[in-house]
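In what follows, a single structure is set out as structure tokens and then discussed.
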Protein chains: 2
Amino acid sequence: MEVYEDIFAKFLAKKGLKLTQPRRYILEEVFEMHTHFNVEELYDRIRSKTSKISMATVYRTIPLLLEAGLIQRADRSEGRERYEHILGHPKHIHWVCKNCGALWETDFNSLYPALIKRAQDLKFKPDDIELTVKGICWKCNTNDNENQSDEK
Amino acid sequence: MEVYEDIFAKFLAKKGLKLTQPRRYILEEVFEMHTHFNVEELYDRIRSKTSKISMATVYRTIPLLLEAGLIQRADRSEGRERYEHILGHPKHIHWVCKNCGALWETDFNSLYPALIKRAQDLKFKPDDIELTVKGICWKCNTNDNENQSDEK
DNA sequence: TTTATATTGTTAATGATTCTCAATATAAAG
DNA sequence: CTTTATATTGAGAATCATTAACAATATAAA
């Protein structure tokens with residue numbers, strides 16, 4: 001049994017809920033995907049393997065996975081929420097280029113301890129950390145020299 | 001003329017757009033509100049002062065204000081996006097308690113330079129920074145001692 | 001078995017956001 | 001003061017992700 005399955009099972013049991021087959025399919029697929037995903041993508045991928053799943057169940061399972069700390073909200077794209085699994089993916093920073101739309105990630109590194117200390121000062125027990133930085137990537141910045149003209 | 005009006009006017013002019021009366025109403029109200037707001041709340045508040053505004057215009061103006069750097073997305077609550085104005089409110093951290101729903105903010109302080117350095121290493125020109133930490137606040141943590149029993 | 005409860009899929013409902021379009025304002029140029 | 005071209009608006013319709021309702025089914029305990 002995978003570690004995430006164990007975690008989810010215990011989480012559900014504690015709430016008097018069951019680790020059913022549909023929930024197992026969802027869980028497996030979530031951890032087979034190593035990119036951000038939205039609910040429909042998740043559903044489609046499971047659907048390509050089995051028909052024993054419905055959209056509603058996927059929607060219903062997302063909040064459970066969030067609460068269990070197995071996934072986190074990543075961003076929102078084209079009007080849809082996107083998620084990513086967490087295990088093996090330490091909390092990280094999302095960098096989004098507002099010009100070309102490129103997205104990449106780095107880990108927290110030196111920022112992490114500082115943030116944790118900050119939380120301790122506030123007596124806050126952190127759970128999900130979501131850090132997104134939007135701006136212009138180096139590539140677009142280099143190609144955009146014509147816009148430098150109106151700098152004061 | 002307020003500084004934000006000046007900024008918005010220049011931003012619009014650069015795009016060949018105009019600072020019209022409805023846009024002025026929206027801008028004013030945004031900077032009179034010192035909490036997170038969603039589009040409907042914004043619309044209602046303007047509506048209580050004048051009828052010369054429509055929901056569609058508010059929706060249409062939000063992306064302009066975002067792009068102009070006058071507001072930023074704060075969070076999403078009850079299925080709605082929420083925003084906040086930026087001027088005079090330096091980038092900050094949102095702390096959200098998953099138990100009682102309390103939300104408060106602190107500024108970046110020591111985290112900020114580290115993040116900026118990180119951006120420089122990546123040759124990334126940051127613009128919007130959005131840091132949300134979800135977890136349990138000290139108050140809920142203290143009241144929840146019965147849950148400590150299953151700690152390993 | 002029986003019983004009580006959780007779960008599911010289907011389908012309908014909700015509701016925030018976006019789109020359409022005709023009417024109107026605006027600013028520049030004669 | 002016109003004319004012209006373009007940006008803007010409000011009203012309402014359309015979209016579409018997400019939720020809710022509900023009847024049928026699975027599950028686990030007694």
Side-chain angles (χ1 to χ4, degrees), chain A residues 5 8-30 36-68 71-83, chain B residues 5 8-30 36-68 71-83:
Chain A
E5 199 169 318
F8 199 35
K10 280 183 180 142
F11 167 81
L12 291 170
K14 196 178 285 186
K15 306 195 75 165
L17 306 178
K18 295 153 194 167
L19 181 50
T20 60
Q21 199 52 54
R23 283 176 181 159
R24 237 184 271 267
Y25 288 138
I26 294 166
L27 190 60
E28 266 174 38
E29 198 57 50
V30 159
H36 297 175
F37 59 88
N38 61 40
V39 171
E40 197 180 4
E41 284 162 0
L42 180 54
Y43 170 75
D44 286 345
R45 288 186 57 140
I46 299 169
R47 203 56 207 266
S48 73
K49 298 176 182 172
T50 174
S51 64
K52 295 190 176 9
I53 194 75
S54 79
M55 199 74 147
T57 298
V58 181
Y59 268 109
R60 277 188 288 237
T61 304
I62 291 288
L64 294 173
L65 292 169
L66 282 170
E67 200 185 338
I71 64 174
Q72 65 186 332
R73 189 178 161 284
D75 58 11
R76 160 168 271 256
S77 176
E78 289 157 17
R80 292 157 182 214
E81 296 291 335
R82 297 209 299 172
Y83 307 89
Chain B
E5 199 169 318
F8 199 35
K10 280 181 179 143
F11 166 83
L12 292 170
K14 195 178 285 187
K15 306 195 74 161
L17 306 178
K18 295 152 195 167
L19 181 50
T20 60
Q21 199 51 53
R23 282 176 183 160
R24 238 185 270 266
Y25 288 138
I26 294 166
L27 190 61
E28 266 174 38
E29 197 57 49
V30 158
H36 298 176
F37 58 88
N38 61 39
V39 171
E40 199 180 2
E41 284 162 0
L42 181 54
Y43 170 76
D44 285 346
R45 289 186 56 138
I46 300 170
R47 202 56 207 268
S48 73
K49 298 176 182 171
T50 175
S51 64
K52 295 188 175 14
I53 194 73
S54 79
M55 198 73 147
T57 299
V58 180
Y59 267 108
R60 276 187 289 237
T61 304
I62 290 288
L64 295 173
L65 292 170
L66 282 170
E67 200 185 338
I71 64 173
Q72 65 186 334
R73 189 179 162 285
D75 58 11
R76 159 167 274 255
S77 177
E78 288 158 19
R80 293 157 179 211
E81 296 291 336
R82 297 208 300 172
Y83 307 90

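Protein chains get the first letters and strands the later ones, always in sequence-line order, with residue 1 at the start of each.
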Give the minimum heavy-atom separation between A:E29 and A:K49, together with the two atoms involved.
OE1-NZ, 2.7 Å
Using atom CG of B:L42 as one end and atom C1' of C:dA16 as the other, report the distance to the nearest whole Å.
15 Å
Using the side chain to side chain contact (heavy atoms under 4.5 Å, CB included) criterion, which residues pair with A:L66? Sequence neighbours excluded.
A:I62, A:I71, A:Y83
Between A:S48 and A:R45 the two heavy atoms that sit nearest each other are OG-O, 2.8 Å
By salt bridge (charged side-chain N to carboxylate O under 4.0 Å, His left out) - contacts of A:K10 (at least two apart):
A:D6
Can you tell me the distance, in whole Å, between the NZ atom of B:K52 and the C1' atom of D:dG10?
13 Å
Side chain to side chain donor-acceptor pair (under 3.5 Å) with A:Y43: which residues, sequence neighbours excluded?
A:R47
How would you summarise protein contacts on nucleotides 25-30 of chain C per nucleotide, using B for base, S for sugar-phosphate only and - for none, with heavy-atom distances below 4.0 Å?
-BS---
List for me each residue that meets side chain to side chain donor-acceptor pair (under 3.5 Å) alongside B:K52, sequence neighbours excluded, and say none if there are none.
none
My understanding is that only residues two or more places apart in sequence, or in another chain, count here; which of them pass salt bridge (charged side-chain N to carboxylate O under 4.0 Å, His left out) with A:E40?
A:R80
Using five base pairs at each end, measure the axis-to-axis angle across the helix from C:dT1-D:dA30 to C:dG30-D:dC1 and round it to 10 degrees.
30°
I need the OH-C1' distance between B:Y25 and D:dT8, as an integer number of Å.
15 Å
If you look at every strand shown and take non-hydrogen atoms under 4.0 Å, does A:K15 touch a base, only sugar-phosphate, or nothing?
nothing
Interatomic distance where CG belongs to B:L17 and C1' belongs to D:dT8 [whole Å]:
10 Å
note: B:Y43, atom OH; D:dT9, atom P; distance rounded to Å ~ 14 Å
Listed once per pair and sorted, the salt bridge (Lys or Arg N to Asp or Glu O under 4.0 Å) pairs that draw on residues 53-68 of chain B, sequence neighbours left out
B:K15-B:E67
Looking at residues at least two apart in the chain, or sitting in another chain, which of them share a side chain to side chain donor-acceptor pair (under 3.5 Å) with B:T20?
none
DNA chain C nearest-nucleotide lookup for A:G16 and A:T57: closer to the 5′ end is A:G16
Set of salt bridge (charged side-chain N to carboxylate O under 4.0 Å, His left out) partners for B:E41, sequence neighbours left out
none
Shortest side-chain distance from A:P22, nucleotide among C:dT7, D:dT9, C:dT8
C:dT8
Output one letter per nucleotide in nucleotides 12-25 of chain D: B when a protein non-hydrogen atom lies under 4.0 Å from the base, S when only the sugar-phosphate is that close, - when neither is.
-----SBB-B----
Without decimals, in angstroms, what is the distance between A:R24 CZ and C:dT7 P?
13 Å
So, using side chain to side chain donor-acceptor pair (under 3.5 Å) as the criterion, who are the partners of B:N38 when residues are at least two apart?
none
Between atom CZ in A:F11 and atom P in C:dA6, what is the gap in whole Å?
15 Å
